[in-house]
Amino acid sequence: MTALHTPTPAPARGNPDPAPRRVGFTQRLSRWDVKLAPYLYISPFFILFALVGAFPLVYTAYVSVHEWNLLGGQGEFVGLQNFTDVLGQAIFWKSVGNTFSIFVLSAAPQLALAITIAAVLDQNLRAATFWRMGVLVPYVVAPVAVSLIFGRMFADQYGLINAILGGIGLDPVGWHSDRFASHVAIATIVNFRWTGYNALILLAAMQAVPRELYEAAVIDGAGRLRQFFSVTVPQIRATMVFVVITATIGGMQIFDEVRMYDPIGLGGPSRNWMTTVLYLYDVAWGNQKNFGRAAAVAWLLFLLIVCIGLINFYLTSRISAADGDRSAVSRRRTQALIAQAQAKARAGSQAEAPTAPLPTHPATPPDEGPPDQAPPSPGRTTRSTTDSEDGGRG
Amino acid sequence: MTTRTRIFWATTSIAAMTALAACGGGDSGSDSEDTGTTGSGDGGEEITLTVATFNQFGYTDEMLDRYEEEHPGITVELTTADSSEDARTNLTTKIAAGGEGLADIEGIEVDWLPELMQYPDLFTDLSDPELEGRWVDWKVAQATTPDGRLLGYGTDIGPEGICYRQDLFEAAGLPTDPAEVAELLGGDDATWEDYFAAGRDFVANSDAAWYDGAQATYQGMVNQLESAYEDAGTGDALDLSTNTAVRDLYDQVLSASVDDGLSAGLEQWSADWDAAFQNDGFATMLCPAWMTGPVEERAGGVDGWNLADVFPGGGGNWGGSFLTVPASGANTEAATELAAWLTHPEQQTEAFGNAGTFPSQIEAQASDEVQSATNEFFNDAPIGEIFTSRAEAIDVVPFKGANYFSIHQAVQNAVLRVDVTGEQDADSSWESAVEEFNGLGLM
């Protein structure tokens, strides 16, 4: 017992080193806990992302600069040859054109429809959950099944839609012979699937709009339409940006619908509805089995999506700039107003002035207040410049 | 700053280690599984052989049970893909991944052979002197590489006859009896011109078209050319712009289809094609043995279908499958034995009874079961007898090299543009096909 006891008092008695070290370690542990733990908590996502997102991206770049056959495997290093080959293919450019056309034809009506449906669902409906779930049903159905059904409806000779058109005395539409008509048909299939999904996201955003705003609008005499455009739309702009961006990414990657649109599934005899992803598939798994070129297509598509995404982001933030501008202007205006008020206050009573700059200028040390006060007009100019700098930084 | 970077690196290294650990875990797991299988295989105790097929090969559990009884210690598992396209993607993707996850026996369709023939080392050489003479010669030739390796054992073939609607024939004043129809279409030395001439008589007296589409008809015609798009000797592509043999067929089928109005303008397997069976869209079509199933599926309730023992331009084969043994498998020897057993005439005769896949084995074709087979839907047509006679008429083995399907697709697209979508006339569509061919970069 004594033998066991002896070491314990020893550090406590004379040696000052161990005790602080032990405390230091626990401190360090708790510091790690504070600083490291959050990164650990979010690490699973980033590990997964590195494995299934970043690695394939980098590896695709590696494949794209090699000759690479699906069955034969890796070949020689060819530099950017695959990229120049792909860019020189007329079908690649046609596929990009088709992708854009189908994307525009699907994204625009889809968003318009989704926001309308969301606005309707946002009202006090009976069995609201039923209706809200109802719009999600098309999203749950497998895209291939949807495409099969729509494929029958859009058939040229015996299709339902052409039969209806014939019934009301219109000429049948060549859903598989006219390029634009085929894009409309495919966009319809895409819209059927995604409108409800987007409507739900927009609905969630609409529900978060403070009801007081509507009450205020009603008191101001705004009708339903005016409420929608002046309250709802500005309030859900952030969500709309999100929906537009995801719709862009999805629209650039349309595959199932076009693959199932005709029996061969390669965009028809003239490649009239071959999208870029379908072209990629054909290059990699079709007759060419050229993984190198397919990887080049994948990277070109990636760059294209990034470009379109940026343009979209710019446009949507431009469109929603009314919102941003207003806050920027109002901030600047309030600051200007405060500055004016301060000046007035200073002119009126010297005693109140030192406290005035504090709320607008938390960074300014209080000691610097007094020298500012002495000359009123130069003080105002310096303040306003720093104000605007702050506003710019914020 | 420094603390932040350190934390960043600490996090990253932890992440990396976790990732590595996860990978390592996965690898060791599959390793142990692998060694498990090989270990038991070496011991000769228990082997599981997997057989991957698609659509309907006609193999049943009873057949496999019988094999298991005869070969104690062997368990056979059969997987079936829904479509041959799925099976093809599955096969090529797994080969690309180094053979991991492939079945011991993989069923393949004749259409994929050209691309697989370029890499014969991926498959076990199945040539076996004992099995010589089991199949019709051209079936074996299809799967044999230039240096004599046999990549697959033949299962079924697709000898082509002519399916026709006897009720529509009657309404148009044509004979309805199969023998008379065969004679009408030219008999033993029928030509495509005979077939089209009969069609012109028919469409003059009927609302229906003569055949479903130019694409399918062209398919039948081009399968009779010995070397359609490529030089059979060197395997090099022939210049499409000067390929008169193909151009002649192209012009012939399109002038019959569009100018004479014989075609219903349908693309095979499209929704319109499906619907046309129920709408009296056309009166005849080229019918490989396996096509009787799809026709019955789509034309249920229509009772006028029959089958004539005739085919224009000599016999023709369309499709057919093989069983291959991927070289990466753990039990290639046992798998080869099973593949040989499955393609034995006895089993293939049984498979014909199960799924209507016409056997490629000479003995199986001659068997009573096949010879006496009839098809109720086709008004009790003696399909066994007819397709045997059709198989005998096949005298050309078309050469299909590595680029066959790329070029064929370009020409098929040209045919579709004229016959189905009507975007272009025959000449300008041919020009587009030549352009597409030049884009392949084969010359």
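To find a chain, count down the sequence lines: A is the first, B the second, and so on, and within it residues start at 1. Fair warning: this is a prediction, and the values are worked out from it, not measured in the lab.
With a 4.5 angstrom heavy-atom cutoff, A/Gln157 touches chain B via backbone and side-chain atoms both. Residue A/Arg179 does not touch chain B at all, counting heavy-atom pairs closer than 4.5 Å. No part of B/Gln424 comes within reach of chain A, as not one of its non-hydrogen atoms sits under 4.5 angstrom from that chain. For B/Gln268, the part sitting under 4.5 Å from any heavy atom of chain A is the backbone (N, CA, C, O) and nothing else. Of the atoms belonging to B/Phe405, heavy atoms from both backbone and side chain fall under 4.5 Å from chain A. For A/Phe55, no part lies near chain B; criterion is any non-hydrogen pair under 4.5 Å. Heavy-atom distances place the side chain of A/Leu266, and not its backbone, under 4.5 Å from chain B.
The minimum heavy-atom distance between A/Tyr158 and B/Ala275, with the atom names listed, is CB-CB, 3.6 Å. Shortest non-hydrogen contact noted between A/Arg271 and B/Asn413 is NH2-ND2, 3.4 Å. Shown here for A/Asp156 and B/Asp272, the closest heavy-atom pair between the two residues is N-OD2, 2.9 Å.
Rounded to the nearest 0.5 Å, atoms CG (A/Asp178) and OG1 (B/Thr421) are 10.0 Å apart. If you take CD on B/Glu436 and CD1 on A/Ile91, they are separated by 5.5 Å, rounding to the nearest 0.5 Å. Going from atom CD of B/Glu115 over to atom CG of A/Leu70 covers 8.0 Å, rounded to the nearest 0.5 Å.
The candidate with the highest count of non-hydrogen atom pairs below 4.5 Å against chain A, out of B/Ser432, B/Ala402, B/Ser406, is B/Ser406. For the set B/Thr89, B/Asp274, B/Leu122, the count of heavy-atom pairs under 4.5 angstrom toward chain A peaks at B/Asp274. Between chain A and the residues B/Gly422, B/Gly439, B/Ala276, B/Ala410, the largest count of heavy-atom pairs under 4.5 Å involves B/Ala276. In terms of non-hydrogen atom pairs under 4.5 Å with chain B, the most contact-rich of A/Gly151, A/Pro263, A/Ser177 is A/Pro263.
Side-chain atoms of A/Asn272 and B/Glu423 include a donor-acceptor pair closer than 3.5 Å.
In this structure the side chain of B/Gln118 never reaches within 4.5 angstrom of the side chain of A/Leu71, judged on heavy atoms. Contact check for A/His176 versus B/Val420: no side-chain heavy atoms found under the 4.5 Å cut-off.
Shown here is A/Trp32, whose CH2 atom has no more than 12 heavy atoms of other residues, nucleotides or ligands within 6.0 Å.
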